[in-house]
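One structure below.
Just follow the structure's listing: the first ligand is 1, and inside any ligand the first atom is 1. Basis for what follows: all heavy atoms, side chains included, without hydrogens, waters or symmetry-related copies. Numbers here simply count residues along the sequence, with the first being 1.
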Amino acid sequence: MTPNHLRTLDDLPEPTLRRLLKRGSELRRLQHQGVAHEPLRGRVLGMIFEKSSTRTRVSFEAGMAQLGGSAIFLSPNDSQLGRGEPIEDTARVLSRMVDAVMIRTFAQDNVERFAAYSAVPVINGLTDSAHPCQLLADLQTFIEHRGDIRGKTVTWVGDANNMCLSYIKAARLFGFELRIACPANYAPSTQDLGADDVASVHTDPAQAVAGSHLVVTDVWASMGMEAEADERLEAFRPYQVNAELMAHADPQAVFMHCLPAHRDEEVTAEVLEGEQSLVWDEAENRLHVQKALLEYLILGDGSD
Ligand code: CP
Ligand code: NVA
């Protein structure tokens, strides 16, 4: 049987994604109440990191431990992947030994190829074009604080990066309007935007943020773009999320950032630390919603 994967958000149908968000909130409550929940006893998650991480590594590793299982960290520096062993071979070998694999890498194609040869579920822990686990945490967090996101307006301010591209998919799946505020020459491609009108592109950030219920941003130079950092700093300067920009949003608007953040570049310290900011809950929810995801992918939920 072909395993379920989370290569992008599109891998799981909307009702399943919504169930995961709800389950994430339940698991958060259980964890806060100190209730042990160990359905993955004896199960192992393999984690391949070709890029740095704090949240993704710790949330998956702690999550597996809390569920009664364990996780193995692999990096190219200390595995045969770094010495050129093909992804297809690594996938076939690892998936005979572990119950699921999480991969953080550069090209999305690496995740696709790994999944094609894996006998166990594969989770995308970030690629150059997607960060679905972060979207699950963002959606869970918004719903916990403001209720259903369907029909709401979300404005992405900044680079049309992996997070932004995952927001486009989420808008389509969850039924919210997405506005993307970015310099014209950094706009997402028409292919990334899709044929429908779920996302619109704006060069005026104040106009894009007007009346929004959620304002989101991320770094201007993602991992792998270090050489472009100075050029990007100049191009994106008018797109900083600050108190003045937030004043255009709905009075109940919240702010999110997947972190790590560069204070006073893409967001001011005032907004990041301010009352509208949900970034700490957002980071914590990586743990809870990924536990829901691991439960679902490894054990199934009986409805498939
Ligand atoms: N948001 C996020 O994925 O953080 P890390 O890079 O620390 O994993
Ligand atoms: N867009 C950022 C997200 C980091 C979690 C990056 O890819 O570096």
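The protein heavy-atom contact nearest to atom 6 (O) of ligand 1 is Arg104 NH1, 2.8 Å. In terms of protein heavy atoms, atom 8 (O) of ligand 2 is closest to Met223 N, 2.8 Å. Of the protein's heavy atoms, Asn162 ND2, 2.8 Å lies nearest to atom 7 (O) of ligand 2. Arg55 NE, 2.8 Å is the protein heavy atom nearest to atom 4 (O) of ligand 1. For atom 3 (C) of ligand 2, the closest non-hydrogen atom on the protein side is Asp218 OD2, 3.6 Å.
Both Ile149 and Leu12 sit in one connected hydrophobic cluster of ILVMFWY residues. Membership requires side-chain heavy atoms under 4.5 Å apart, directly or through other members. Using a 4.5 Å cut-off between side-chain heavy atoms of Ile, Leu, Val, Met, Phe, Trp and Tyr, with links allowed through other members, Leu9 and Leu214 fall into the same hydrophobic cluster.
Taking 4.0 Å as the cut-off between side-chain N and carboxylate O, Arg179 and Glu177 count as a salt-bridged pair. Between Arg29 and Glu26 there is no salt bridge, since no side-chain N of the basic residue sits under 4.0 Å from a carboxylate O of the acidic one.
Counting atoms of ligand 1 from 1 in the listed order, those under 4.0 Å from a heavy atom of Leu259 are 1 (N), 2 (C), 4 (O). Remark: ligand 1 atoms within the under-4.0 Å shell around heavy atoms of Cys258 are 1 (N). Near Leu126, meaning under 4.0 Å from any of its heavy atoms, are these atoms of ligand 2: 3 (C), 4 (C), 5 (C), 7 (O). Near Arg286, the atoms of ligand 1 lying under 4.0 angstrom from a non-hydrogen atom of the residue are 1 (N), 2 (C), 3 (O). For ligand 2, the atoms lying closer than 4.0 Å to a non-hydrogen atom of Asn161 are 1 (N).
Considering backbone and side-chain N/O atoms, His131 never comes within less than 3.5 Å of an N/O atom of ligand 2. In terms of polar-atom proximity, Lys51 is not counted as a contact of ligand 2, lacking any N or O under 3.5 Å from an N or O of the ligand.
Under a 4.0 angstrom heavy-atom cut-off, Thr56 registers as lying outside contact with ligand 2.
A donor-acceptor contact shorter than 3.5 Å links the side chain of Asp11 to the backbone of Arg7. Using modelled atom types, no side-chain atom of Asn124 and backbone atom of Leu6 make a donor-acceptor pair closer than 3.5 Å. The closest donor-acceptor contact from the side chain of His131 to the backbone of Met163 lies at 3.5 Å or more, if one exists at all. Not one N or O on the side chain of His288 forms a donor-acceptor pair closer than 3.5 Å with the backbone of Ser25.
The part of Leu259 lying near ligand 2 is the backbone, judged by heavy-atom distances below 4.0 Å. At a heavy-atom distance under 4.0 Å, no atom of Arg57 approaches ligand 1.
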### Query
After noting the C-alpha distance and the side-chain angles of Thr105 and Thr127, does the key distance pass the side chain to side chain contact (heavy atoms under 4.5 Å, CB included) rule?
CA-CA 5 Å; Thr105 182; Thr127 61; 4.0 Å; yes
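Of the listed options Leu126, Val58, Val279, Thr54, Thr54 places a heavy atom closest to atom 5 (P) of ligand 1.
Under the side chain to side chain contact (heavy atoms under 4.5 Å, CB included) rule, Val271 has a single partner from Gln240, Met246, Glu266, Gln276, which is Met246.
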